Amino acid sequence: MPNKYARKLAAKLAPDPDAFLEALEAGRSACPAVLWLHDSAESPFESKPPASWQPEFVQAVATGERPGRHALHDEGAYYCLDLSSVFEASALCGLSAGGMVVDVCAAPGGKTVFAHRALAPERLIANEVIGKRLGPLTGNLKRCKVPAETRCADPSKLAEELSGLASVVLVDAPCSGQSLLARGQDNPGAFHPINVNSCANRQKRILAESVRLLAPGGFLLYSTCTYAREENEDVLAWLLTRFPELTAQELPTHAAHRSPHADFPCYRLWPDAGYGAGGFVALLQHPISTP
Ligand code: SAM
């Protein structure tokens, strides 16, 4: 039974509070998808109908398929992820990266692989600050033959090294992970205000450093896999006040999921929508030239 904090969040934010709470309780919202690394690949899996924001190189697979156990997985033909991660990352589709892409919070590598596939940047940097998470990251990039450089640096150090150089920066932030419950995983304290606030403060610190990486005209993607407004719309409202030169971008492919909880464009996926466990995404642009 979702706790009082989850019920409070549902009442305040969810378009269908009962359906949201049922999805949390049932823990069956995960929706496996595969990101194909090559156009020519032939899928052995049955598909689900694609979402409006789903790129052609991603296949949502039918219930019962186990793509993580297929030999093609070990051969690096694809990367497995939840469809809600695709919802977040597909905000990148349509950008032409050209230069450098920096994934600030990269492990285990889903968004880095997505950025490689969607943008084919000249230079791709996958950073992970927690040393023990670097192994899975490098392992996945190697398996999928993604030519990324890896780093293990605090965002402040990364910003010193690569200041003003990135045409695209990804901040798939560490968060309270409330959507893990909708996947049937345990996450005690995910809705507790102390946890939510400490995550929000960490997200602000990471974002403030990550903005320094942006080249003129560069894009910053911010995403989480949590539902709390404090970690989503409120973090971005803070960022847009601190850096008023940034502008939040409309994403026409995501229009049906536009958040009503902000006066700038940002997008929410709920776990009862049928596209995975849920998440949040916004795309911000740095001005082409500063006055
Ligand atoms: N982008 C990854 C993907 O798609 O596979 C998932 C990233 S996960 C949501 C967030 C990552 O941020 C974790 O790997 C975590 O170790 C890292 N992280 C934790 N604290 C951090 C900090 N203070 N600065 C930067 N990254 C941090």
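Atoms within each ligand, like the ligands themselves, are counted from 1 in listed order. These numbers come from the heavy atoms of this one structure, side chains and all, not from hydrogens, waters or symmetry mates. Values in this document were obtained by computation on a predicted structure and should not be read as measured data.
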Item to check | ligand 1 versus A89: contacting region, heavy-atom distance under 4.0 Å | outcome: neither
Checklist entry - What residue and atom, counting heavy atoms only, is the protein's closest point to atom 6 (C) of ligand 1, and at what distance? => result A107 O, 3.0 Å
Next on the checklist: Show me which atoms of ligand 1 lie under 4.0 Å from any heavy atom of E128.
Outcome noted: 11 (C), 13 (C), 14 (O), 15 (C), 16 (O), 17 (C)
Checklist entry - Out of N140, D172, L158, whose heavy atom is nearest to atom 10 (C) of ligand 1? => result D172
Checklist outcome for this item: Going by the 4.0 angstrom heavy-atom rule, the piece of R205 near ligand 1 is neither
Item to check | Residues S259 and E233: side-chain donor-acceptor under 3.5 angstrom | outcome: yes
Checklist outcome for this item: The protein heavy atom nearest to atom 24 (N) of ligand 1 is I206 CD1, 3.4 Å
Next on the checklist: On a heavy-atom basis, I'd like to know which of T226, D154, V129 is closest to atom 21 (C) of ligand 1.
Outcome noted: V129
Checklist entry - Backbone, side chain, both or neither: what part of A106 comes under 4.0 angstrom of ligand 1, heavy atoms only? => result backbone
Next on the checklist: Tell me whether the rings of F45 and W36 are parallel (<30°), tilted (30 to 60°) or perpendicular (>60°).
Outcome noted: tilted
Next on the checklist: Taking E250 first and then R258, would you say they form a salt bridge - that is, a charged N and a carboxylate O separated by under 4.0 Å?
Outcome noted: yes
Item to check | Subset of ligand 1 atoms that lie under 4.0 Å from at least one heavy atom of P155 | outcome: 24 (N), 25 (C)
Checklist entry - What are the two closest non-hydrogen atoms of A23 and S29, and how far apart are they? => result CB-OG, 3.7 Å
Item to check | Salt bridge flag under 4.0 Å for residues R151 and D103 | outcome: no
Checklist entry - Does P108 have a heavy atom less than 4.0 Å from any atom of ligand 1? => result yes
Item to check | Minimum non-hydrogen distance to atom 13 (C) of ligand 1, winning option of R133, K111, E88 | outcome: R133
Item to check | Over all atoms of both residues, closest heavy-atom pair of F20 and A10 | outcome: CD2-CB, 3.5 Å
Item to check | Donor-acceptor contact below 3.5 Å, side chain Y79 vs main chain G110 | outcome: yes
Checklist entry - Where does the angle between the aromatic ring planes of H254 and W53 fall among parallel (under 30°), tilted (30 to 60°) and perpendicular (over 60°)? => result tilted
Checklist entry - Short list, please: which atoms of ligand 1 are under 4.0 Å from a heavy atom of G109? => result 3 (C), 5 (O)
Next on the checklist: Would you say CD of E46 has more than 12 non-hydrogen atoms from neighbouring residues, nucleotides or ligands within 6.0 angstrom?
Outcome noted: no
Checklist entry - Which residue and non-hydrogen atom of the protein lie closest to atom 11 (C) of ligand 1, and at what distance in Å? => result C105 CB, 3.7 Å
Checklist entry - Starting from atom 5 (O) of ligand 1, which protein heavy atom do you reach first, and at what distance in Å? => result G110 N, 2.8 Å
Checklist entry - Is there a donor-acceptor contact under 3.5 Å linking the side chains of S176 and N195? => result no
Checklist outcome for this item: atom 18 (N) of ligand 1: closest protein heavy atom, distance to 0.1 Å, is P174 CG, 3.7 Å
